[in-house]
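Read the numbers this way: they start at 1 and go in the same order the structure lists the ligands and their atoms. What you are looking at is a predicted structure, and each value in this text was computed from that prediction instead of being measured. Note that these values count all heavy atoms, side chains included, but never hydrogens, waters or copies made by symmetry.
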Amino acid sequence: MEIKIINKSEHPLPQYETAHAAGMDLRASITEKIVLKPLQRLLVPTGLFIELPIGYEAQIRPRSGLAYKHGISIVNAPGTIDADYRGELKVLLVNLSDTDFSINNGDRIAQMVIAKHETVSWKAVEELNETARGEGGYGHTGKE
Ligand SMILES: O=c1ccn([C@H]2C[C@H](O)[C@@H](COP(=O)(O)OP(=O)(O)OP(=O)(O)O)O2)c(=O)[nH]1
Ligand SMILES: [Mg+2]
């Protein structure tokens with residue numbers, strides 16, 4: 001499937017790094033190096049603008065390598081890009097480590113997965129059907 005994209009960054013378009021990858025890495029499009037202090041969060045621009053088909057969303061997710069090695073995550077993970085959004089794709093990074101983390105122009109800071117979603121309407125009722133689980137949750141299974 002082709003998706004329209006405007007690339008105002010100086011970097012190549014996001015691409016799948018391996019043949020069957022789900023995500024494409026997103027690069028920071030910034031004029032100067034950013035230093036993210038411990039627990040600081042920052043909206044990082046990508047220079048990318050997309051036109052998703054109706055019924056699709058894009059999810060902006062952390063990269064596990066950055067998370068594991070440097071404690072870099074995404075505050076609103078997974079970030080949701082709506083099909084009708086025409087603004088710049090941005091990544092809300094957070095530094096969960098106890099040391100500063102530097103981001104340079106072009107660094108791969110996150111990954112984006114394009115996914116289908118349903119659009120539903122509600123049917124308001126008085127009762128829901130019965131199940132074995134019922135209202136149990138939050139770790140209730142496996143207890144006597
Ligand atoms: O990580 C993200 C999350 C969102 N967006 C853009 C695309 C999305 O369609 C729009 C709105 O996002 P969301 O609905 O999550 O934010 P909101 O706080 O509910 O804002 P709004 O009232 O504009 O919907 O912001 C990004 O660029 N990056
Ligand atoms: Mg919203």
Side-chain angles (χ1 to χ4, degrees), residues 1-131 133-141:
M1 181 177 65
E2 283 188 334
I3 294 180
K4 289 181 188 168
I5 186 165
I6 296 174
N7 183 4
K8 295 187 181 174
S9 79
E10 60 196 33
H11 313 301
L13 288 177
Q15 58 181 31
Y16 296 111
E17 302 290 334
T18 59
H20 304 295
M24 299 182 184
D25 288 346
L26 295 176
R27 293 174 186 273
S29 176
I30 50 183
T31 47
E32 50 192 50
K33 182 177 112 172
I34 292 170
V35 176
L36 209 55
K37 295 191 182 310
L39 290 185
Q40 191 184 350
R41 58 183 190 267
L42 196 75
L43 204 48
V44 182
T46 64
L48 301 173
F49 302 73
I50 63 176
E51 185 180 315
L52 288 166
I54 293 167
Y56 287 80
E57 58 152 343
Q59 300 173 1
I60 308 225
R61 306 183 186 177
R63 293 186 66 205
S64 57
L66 287 183
Y68 178 55
K69 290 182 208 149
H70 303 288
I72 297 302
S73 192
I74 294 180
V75 183
N76 58 330
T80 304
I81 309 298
D82 300 289
D84 51 3
Y85 179 70
R86 295 293 174 268
E88 181 174 9
L89 303 185
K90 292 185 178 170
V91 180
L92 188 47
L93 289 183
V94 62
N95 180 357
L96 297 179
S97 78
D98 54 10
T99 53
D100 288 1
F101 180 73
S102 295
I103 303 162
N104 293 294
N105 186 32
D107 283 356
R108 289 179 295 149
I109 51 169
Q111 60 185 319
M112 180 166 70
V113 173
I114 310 289
K116 277 188 186 171
H117 69 84
E118 300 291 338
T119 301
V120 306
S121 57
W122 294 112
K123 176 179 170 183
V125 296
E126 296 300 325
E127 277 181 31
L128 304 175
N129 76 344
E130 282 182 22
T131 67
R133 173 183 285 275
E135 297 187 15
Y138 312 97
H140 97 295
T141 57

Engineer: Return yes when at least one protein heavy atom is under 4.0 Å from atom 17 (P) of ligand 1, and no when none is.
Structural biologist: no

Engineer: Atoms of ligand 1 less than 4.0 Å from Gly79 heavy atoms?
Structural biologist: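 In order of number, 1 (O).
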
Engineer: Considering heavy atoms of the protein only, find what lies nearest to atom 6 (C) of ligand 1 and give residue, atom and distance to 0.1 Å.
Structural biologist: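 Sorting protein heavy atoms by distance from atom 6 (C) of ligand 1 puts Tyr85 CZ, 3.6 Å first.
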
Engineer: For atom 5 (N) of ligand 1, what's the nearest protein heavy-atom neighbour? Residue, atom name and distance, please.
Structural biologist: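 Ranking protein heavy atoms by distance from atom 5 (N) of ligand 1, first comes Ile81 CD1, 3.6 Å.
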
Engineer: For a quick test of reading the model, state the closest non-hydrogen atom pair linking Met24 to Pro14 and the distance between them.
Structural biologist: SD-O, 3.5 Å

Engineer: Is there a side-chain contact between Ile72 and Ser97, using heavy atoms and a 4.5 Å cut-off?
Structural biologist: no

Engineer: If you count the non-hydrogen atoms of other residues, nucleotides and ligands that lie under 6.0 Å from CG in Leu13, is the total more than 12?
Structural biologist: yes

Engineer: Find out whether Ser9 and Arg27 are in side-chain contact, i.e. whether some heavy atom of one side chain is under 4.5 Å from a heavy atom of the other.
Structural biologist: no

Engineer: For atom 27 (O) of ligand 1, is the nearest protein heavy atom closer than 4.0 Å?
Structural biologist: yes

Engineer: Taking side chain as C-beta onward, heavy atoms only, is His70 less than 4.5 Å from Thr99?
Structural biologist: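 Heavy-atom side-chain distance check fails, nothing below 4.5 Å.
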
Engineer: Which ligand 1 atoms, with their elements, are less than 4.0 angstrom from a heavy-atom of Glu88?
Structural biologist: 27 (O)

Engineer: Please state which option from Ile60, Asn76, Leu92 has its nearest heavy atom closest to atom 1 (O) of ligand 1.
Structural biologist: Asn76

Engineer: Can you confirm whether something in the protein, heavy atoms only, sits under 4.0 Å from atom 24 (O) of ligand 1?
Structural biologist: no

Engineer: Considering heavy atoms of the protein only, find what lies nearest to atom 9 (O) of ligand 1 and give residue, atom and distance to 0.1 Å.
Structural biologist: Asp82 OD2, 2.6 Å

Engineer: Evaluate Arg108 against Glu17 for side-chain contact (heavy atoms from CB on, under 4.5 Å), listing each step before the verdict.
Structural biologist: CA-CA 11 Å; Arg108 289 179 295 149; Glu17 302 290 334; 3.7 Å; yes

Engineer: For ligand 1, indicate whether the residue Thr80 contacts it via side chain, backbone, both or neither (heavy-atom separation under 4.0 Å).
Structural biologist: backbone

Engineer: Check the pair Ile74, Leu93 against side-chain contact (heavy atoms from CB on, under 4.5 Å), reporting the backbone distance first and the verdict last.
Structural biologist: CA-CA 5 Å; Ile74 294 180; Leu93 289 183; 4.1 Å; yes

Engineer: I'd like to check atom 20 (O) of ligand 1 in this structure: does the protein have a heavy atom lying under 4.0 Å from it?
Structural biologist: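 No.
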
Engineer: Give the C-alpha distance, both sets of side-chain angles, the deciding distance and a yes or no for side-chain contact (heavy atoms from CB on, under 4.5 Å) between Leu96 and Leu39.
Structural biologist: CA-CA 5 Å; Leu96 297 179; Leu39 290 185; 4.1 Å; yes

